Amino acid sequence: MLEVSNLKVCYGQSEVIHGLDFVVPKNETLAIMGRNGMGKTTLFKSLIGVLPSSDGRILIDGIDVSKKESFQRVENGIAYVPQGRMIFPSLTVQENIETGMEVSKLKKIPDDIYALFPVLADMRKRKGGNLSGGQQQQLAIARALVTNPKVLLLDEPTEGIQPSIIKDIANVLNEIKKLRDITIIVSEQVLSFTMAIADRIIVIDKGSFIHEDLREDVDTDKIKAYLSV
Amino acid sequence: APATSTGQAVTDDTVTVGILHSLTGTMAISETGAQEAEKLAIKQINESGGILGRQIKIIQEDGASDWPTFAEKSRKLLVNDKVAAVFGCWTSASRKAALPVFEKENGLLYYPTFYEGLEQSKNVIYTGQEATQQILDGLNWVAKEKGAKTFYLIGSDYIWPRTSMKIARKHIENVLGGKVVGEEYKPLGDTQFGSVINKIRLKKPDVIYAAVVGGSNVAWFKQLKAAGINSKKQTLLTISVTEDEVLGIGGENLEGFYSIMKYFQSQDNPNNVAFVKAFKEMWGDDSVIGDVTQAAYLGPWLWKAAVEKAGTFDVDAVVKASEEGDIELTTAPEGYVKLHPNHHLWSKARVGMWKKDGQAEVVYTSELIEPDPFPEGYQ
Amino acid sequence: MSFVYEKLFGDKKGLIGFCILAALILVVFPVMLDSFRLNLVGKYLTYAFAAVSLVLLWGYGGTLSLGQGIFFGIGGYAMAMFLKLEASSPENTAIQSTPGIPDFMDWNQITELPLFWMPFHSFSFTLFAVLVVPTIFAYIIGAAMFKRRVGGVYFAIITQVVSVILTVLIVGQQGLTGGINGITDLRTLNGWDITSDSAKTLFYFINCFLLLAVIIASRFILTSKFGRILLAMRDKEDRVRFSGYDVANFKIFIFCFAAMISAIGGAMFTLQVGFMSPSFVGIVPSIEMVIFAAIGGRMSLIGAVYGTLLINFGKTAFSESFPELWLFLMGGLFIAVVMFFPNGLAGLWEDYGHHLTKRLDFIKNLFSKSKSAADAIELKGSKS
Amino acid sequence: MNMSTNTDFTLAIEDLTVSFDGFKAVDNLNFYLDRNELHVVIGPNGAGKTTVLDLICGKTKSTSGSIKFLNKELTNLSEHEIVLAGVGRKFQTPSIYENLSVMENLEISYPKGRGVFGSLMFKHDAVVRDKILEVATQIMLEKALHTEAGLLSHGQKQWLEIGMLLIQDPQLLMLDEPVAGMSVKEREQTAELLNKISEGRSVLVIEHDMEFVARIAHKVTVLHQGKILASGDMKDVQKDPKVIEVYLGH
Amino acid sequence: MGGYSYDELGAIFAMQGFAGISLFSVLLLMALGLAIIFGQMGVINMAHGEFMAAGAYTTYLISTLTETYIPAFMPYYFVFSIAAAFLVAGTLGYLAEFILIRHLYKRPLDTLLATWGLSLIMQQSYRSIFGAREVSPTLPEWLMGAYPATDMIDIPINGMFVLGLTIFTTLAVFYLMFKSSWGLRVRATTQNRVMAGAVGINTKKVDRYTFALGCGIAGMAGAAFTTIASTGPTTGTLYIVDTFMVVVFGGAASLFGTIASAFSIAQAQSILEFFISGSMAKVFTLLTLVIILMFKPEGLFASKVRR
Ligand SMILES: Nc1ncnc2c1ncn2[C@@H]1O[C@H](COP(=O)(O)OP(=O)(O)OP(=O)(O)O)[C@@H](O)[C@H]1O
Ligand SMILES: Nc1ncnc2c1ncn2[C@@H]1O[C@H](COP(=O)(O)OP(=O)(O)OP(=O)(O)O)[C@@H](O)[C@H]1O
Ligand SMILES: NC(N)=O
Ligand SMILES: [Mg+2]
Ligand SMILES: [Mg+2]
């Protein structure tokens, strides 16, 4: 599980994330929603450690990782699917997935990954950079899943993915949550996808949380209103 | 006290000179010995009372293997430091770059390297041999001793090897009645001689005549050996290997090949024994002395002789004294040298056969040869 | 007025910087230095042409050339050929087997002046050649490479290879070029002794004016839309293409322009130093020119001049004081600048100059308070 | 089924094929686009949509086939010539000059001073300024004119790129997933924008967001494995079982 | 070719083949280290030649020590000195990465300047420690001669030794970079350092060891080259341009390209040199290279990735 307290992030002088506090227990999926430029990506980057946080604590299963390098955070169980894919373009698809297996010590790519993204199996030997946009996005998700994370961060994971696969991804995330002890945090713009996976929804605005709802209580119109201020 | 010339760095008890060699860059390899020898000579002169009662002070500059830097530093030594003489330069290119400065500022340069000739400046004393003094006797010697008729010429691609080869070819064809079966130049610093060696095999020359310089030399000899070409099968005569180069090449790779120089460290005469001893005392037991090093050592002594004859440090007077043809050094390690009015030295040519320990055995010594920087019939 | 001013000097800080540089090289140096040192500075300033050209080509254009020495050399050689012919009058060369041709040709058994040397009897042709030959040469290389979209490190290595080719050719064809010795012993220009102190001083000032003119011309390019396109190309070349620009043409132009200014530097070098040699065409000087630009701050035209001066002063001073160890100091200097001042000297000036302009702004604001609405979206001057 | 070579279409793609090491990403494609038409191309990931745009704008060279734009063959033109002919394209991942300000991004896209000497003499006068301001307002970035483009959020970058195309005023505008990463509200705004700008030119859009597609499309084409699977208006296509099978999901 | 017998021509043909192959192995061995440091990591390491020199000096040092203290070991020391050269140059590389290079990954062109500075410092260190003159280790007898295959064909043993070492090193590098999981980490890191960290790769460690490995291989090359050339403070500068050329011409990120490039440059140079002068052979080889690069702008074996 993930505990974050008083997290602040700055780009140079300007503070973009203003002291966030939140806790996500095991087996919960938290969706973070917000308009463009409100700090979702920034928040994720600081959780995985590619952006330094200027203040605050990040605990994974009680272990403070806020001073650690990102590879150590991954070792402690975070996995990250960045916005904009960021796959390794000149590695083959298979090698791309294998980079995620350095941590989990898996020997072979699990079959269920290829079952979820059949296209990746077909294109195993192709260079990652030659895939189409949506294929790359699928690859990035696969790469994160093979690390066997305790906390999975997904920054707009459905961007550029075809509707049928979005549905599959939603099913898989729900499945994983049932099978493993996992915490999922996802930032999303597509409300339908969010509603399909999230247990709880938080709206972020200008680097602060302004609204929080459990899925059961979500009033879609209200959320929509928050998102279009 | 004798008159001092105005404008020079001369006080009542000191006189300042410059040393200008490459301490850095590719040429430092060759020039280190020269500047060591010059410092030794100056130290010895100072210990024996200096010149005209003055101790010599040295300002050293680094030419950095870069010709324009030689020009810049020459100007600095002459204009800023007003030195009475400069001992320096090694490559012809650096001399050519510095020469106009010496002529403009009326300085005096003692240049130690064997070189291509075709030059005679009022402001330079050439203490090394010009091409004819080095080349002709060597060729005569192999023609006679080894019965050589066919020659393969190989050198680095720049002016000194090319000019030397030009003279060699004329001599081989016109005087010795021999034949040049190949002539080859490799870029400076090149380390691949495989193809050339194959060509040489194909031509089967009686003599390989070589003027490869610097680091290339090492590759050249190691690869010759590796190709199975050694002194048992093949005569090789080079004009560009001295004890300095042997250090890098390794005596085992040169064994039995010949160099033609005017000086070898192994020369057995009292002058040289004393010189070698003093040099090693100053610069360490491991140090070796090559032809240019010895020629550089002559510089300060020749200057001392000329200054004392002129009674002044004034450049014009010193040059004039030098041009009278009667300045000689009986104490020269190479034996005996005399300064010719054309600013070059009378010297002997010697053929040395290299031994495994990196020393050469002198197998031939010529008569004293008159320097002739503009040789008739060889241009 | 303000248009022209912006075009030529950039923002206010640019103008101040320019004036300080002009004052330094035109007044301070000539007053403070003796003729030997002034001539040295003059020599350094000829390298500054190449450094400035690299600011355009590399700093803004994003195209690193490791062969600016090629053009510096061609310019220098063109000038040297003219001066050498003048120095090789039949009277001066009477002792040669063929009087009237350069001495090195005579040593190489050449008996007739080669055809391509002939036009260099004319001074006006020589000036023309200094400017045009390198430009054409750059055009050929540039068109061949940029049209084929050779870029980045590939281009850098190719320029390096070309400079090796040229060096090998010059050294190998010594009968035509003077070989490794270069073309030496140049003494007069149309009968006027260029080795005299007065000639050197005059050349120094000509050199300074040319350098300042080149900086202004470069400023003009950089502040125009062309300059922004250069930056855009460095950032995302493909996008520029898809905005309708023929990217290759822009690169060719800036490469040619850079070649031309480097060549001016080369020609001024020959005039001030009195010889030209293949060691300027080679790789080491070419890399050093890049270092001058980098030390100055690769985005700053004026910084390039200071970078050149600093490194060369350093070289001279270190090597005079520590002839045996000065390379440690030079190496350390490069590393220190890269590590601690990633934006070079210009980075320092950014910080310091900031205070200076603020003060000026304050004074100016006392007099005029109005700020038009149009000002609000007026383009910010580029970063030099 | 060879059509006459001269057509009234803005864009006529005929028998277009491209293969990468034997893999046919676009396979014998025929496709036509009218003036004033806003046409959306959908299809599974890897269907070849982006590749088609790459072919039109000259980024990728076709293996065979022809692309005619206003009766001008594009397949042998270079990228900038295609732009000059009137084609503008937005990339799937926003492609802007991150180190330049929004203003400078737009200025560079302004269709004047595109030659070497033209750009040297280009004057940033009131006309240019007004145009930039106008486009910036359209893309809701008028307050961010002096912001460095790299600092914009993902959605803002998308808009900026659209703005860079608008200022060129192209006859054919091609947008690859323009609303990816945008929030609901922004999608709506973008849809409005697209509806507005499709007047007087042809627009080709690639999108996966069906709501958005429904809102803008005049006509929809479904691409699958480099071939056209279905084509028509949105309602029909959405009901097509083949489309549901390979693309929409059940 | 008038005047020569078939035997002679055949022999020359064979020998010429060896000349080309030995130049090939030299070029490739030089380039392997740089193919990792520059080709994979993107660091423009102008001090690469100096790392080679470090290996050469290590060999010299070990040769001298062996000769003085355990002369009986002389026939064998060379093999150990190659390992030592690898370790010494690798350690120097490790330190250089730690002190210098790691701060510059975001500014790859600055690595050119910093490593140029580094190369000056290293050269001067060699000069201060070993003197300005060239040195040469005493090589074991077995390495130096030629193996007379026929009475006309002599096969240079040092050339074969370098070839063997080159093949071994190339295979090792290939395995390490493309077949091992460590290689996967290296390639991921060099393509996207930030993202590699975010999938759990210790990028700092990878960078440091990769750089050290590249330098170590340079050191091995330096040790091997003592059999064919000399060692001096500026030895490295002789190699650096050719080395970059080989790597770039091959297509920077492709090991196979590096091999092909070394092979074609070597063959062109050695065949041409047989017919025209060394200088002109060099000019033509280089010119051909420029022209080929014009048509293959990203090198012989550019990796084809969609942009
Ligand atoms: N490198 C940077 N330097 C300075 N500011 C930045 C930088 N990157 C992002 N920002 C600013 O930080 C804010 C938050 O950006 P972020 O990318 O986190 O937004 P987001 O919520 O992920 O938006 P989107 O939905 O568009 O992806 C924005 O205002 C952006 O301008
Ligand atoms: N250079 C290339 N080399 C190999 N395969 C390629 C190359 N470019 C594209 N492909 C393949 O061609 C197919 C079509 O790719 P394209 O990017 O056009 O898909 P798309 O329809 O845009 O998909 P998406 O909706 O995911 O963006 C993909 O399977 C991709 O892997
Ligand atoms: N004078 C010489 N050897 O360059
Ligand atoms: Mg985001
Ligand atoms: Mg696509």
Side-chain angles (χ1 to χ4, degrees), chain B residues 19-26 28 35 59-73 75-81 91-101 103-105 116-121 156-163 166 170 185-188 190 374 376 379, chain C residues 34-37 39-40 43-44 87 95-98 103-104 106-109 164 167-169 171-175 178-187 193-197 269 273-280 282 284-285 288 312 315-316 318-320 322-328 330:
Chain B
I19 287 184
L20 173 55
H21 285 289
S22 299
L23 302 172
T24 59
T26 50
Q35 56 96 17
I59 294 180
Q60 182 161 21
E61 290 290 344
D62 179 13
S65 310
D66 180 47
W67 321 149
T69 304
F70 273 94
E72 172 188 325
K73 300 294 185 190
R75 196 143 189 268
K76 187 231 167 206
L77 287 170
L78 295 177
V79 177
N80 251 33
D81 303 332
T91 63
S92 294
S94 64
R95 187 192 68 250
K96 287 279 186 206
L99 189 63
V101 177
E103 294 186 344
K104 171 90 186 16
E105 308 297 343
E116 63 275 4
L118 303 169
E119 190 182 295
Q120 179 185 320
S121 168
S156 294
D157 200 353
Y158 75 104
I159 190 147
W160 172 72
R162 278 186 181 263
T163 315
K166 182 178 81 184
K170 293 241 153 113
Y185 299 96
K186 297 284 284 177
L188 280 163
D190 201 5
F374 299 95
E376 282 295 317
Q379 292 194 31
Chain C
D34 61 33
S35 94
F36 165 64
R37 293 287 169 194
N39 180 233
L40 267 189
K43 181 173 98 173
Y44 303 159
I95 57 159
Q96 290 176 184
S97 10
T98 315
D103 48 8
F104 59 83
D106 195 57
W107 303 337
N108 286 281
Q109 294 126 306
V164 174
T167 313
V168 173
L169 273 178
V171 172
Q173 303 298 316
Q174 53 180 320
I180 201 155
N181 288 0
I183 299 180
T184 61
D185 215 1
L186 311 171
R187 290 157 192 265
D193 181 4
I194 57 170
T195 58
S196 68
D197 278 350
F269 177 91
V273 180
F275 76 97
M276 192 68 219
S277 101
S279 58
F280 291 102
V284 172
E288 283 182 343
N312 283 290
K315 221 173 175 174
T316 302
F318 291 160
S319 73
E320 281 174 8
F322 314 95
E324 322 240 1
L325 296 174
W326 65 277
L327 280 181
F328 282 131
M330 285 312 284

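So that the names make sense, note that chain A is the first sequence line, chain B the second, and so on, each numbered from 1. Owing to the predicted nature of the structure, the values given are computational and were not obtained by experimental measurement.
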Do the side chains of C/Arg37 and B/Asn80 get nearer than 4.5 Å, heavy atoms only? yes

Residues forming a side chain to side chain contact (heavy atoms under 4.5 Å, CB included) with C/Thr184, sequence neighbours excluded: B/Lys96, C/Phe275

I'd like to know which of B/Arg95, B/Gln60, B/Lys73 tops the heavy-atom pair count under 4.5 Å against chain C. B/Lys73

First locate atom CG of B/Leu118, then atom CG of C/Asn108, and finally report the distance between them rounded to the nearest 0.5 Å. 9.0 Å

When the 4.5 angstrom heavy-atom criterion is applied to B/Leu99 and chain C, the contacting part is neither

Let me confirm one number: the CH2-CD1 distance from C/Trp107 to B/Ile159, rounded to the nearest 0.5 Å. 5.5 Å

Chain C contact via B/Tyr158 - side chain, backbone, both or neither, heavy atoms under 4.5 Å: both

Region of B/Asp157 that comes under 4.5 Å of a non-hydrogen atom in chain C: both

Using non-hydrogen atoms only, which part of C/Ser196 is less than 4.5 Å away from chain B: side chain, backbone, both, or neither? backbone

Is C/Leu40 close to chain B through its backbone or its side chain, or both, or neither, when contacts mean heavy atoms under 4.5 Å? side chain

Out of curiosity, C/Glu320 CD to B/Leu77 CG, how far, rounded to the nearest 0.5 Å? 8.5 Å

Using side-chain heavy atoms (C-beta onward) and a distance below 4.5 Å, is B/Lys76 in contact with C/Phe36? yes

Checking B/Ala28 against chain C: side chain, backbone, both or neither under 4.5 Å from a heavy atom? neither

Honestly, the part of B/Thr163 sitting under 4.5 Å from a heavy atom of chain C is neither

Would you call B/Leu23 and C/Trp326 a side-chain contact if the rule is heavy atoms closer than 4.5 Å? no

Before accepting this row, confirm whether a basic side-chain N of the pair B/Glu72/C/Lys315 lies closer than 4.0 Å to the acidic partner's carboxylate O. no

Which atom names give the shortest non-hydrogen contact between B/Ala93 and C/Ile180, and what distance separates them? CB-O, 3.9 Å

Pairing of C/Asp197 and B/Arg75 as salt bridge, 4.0 angstrom limit: yes

Rounded to the nearest 0.5 angstrom, the CD-CZ distance for C/Gln96 and B/Phe374 is 9.5 Å

Using heavy-atom distances under 4.5 Å, tell me whether C/Asp103 contacts chain B through its side chain, its backbone, both, or neither. neither

Give, as side chain, backbone, both or neither, the part of C/Gln174 having an atom under 4.5 angstrom from any heavy atom of chain B. side chain

For the candidates C/Asp106, C/Val171, C/Thr195, which exhibits the highest count of non-hydrogen atom pairs separated by less than 4.5 Å from chain B? C/Thr195

Partners of B/Trp160 by ring-ring contact (aromatic ring centres under 6.0 Å, His included), sequence neighbours excluded? B/Phe114

Separation between CD (C/Glu288) and CG (B/Asp66), nearest 0.5 Å, reads 7.5 Å

Check each atom of C/Phe280 against the heavy atoms of chain B and say whether the ones under 4.5 Å are side chain, backbone, both or neither. side chain

Please name the pair of heavy atoms, one in C/Ser319 and one in B/Glu61, separated by the smallest distance, quoted to 0.1 Å. O-OE1, 3.9 Å

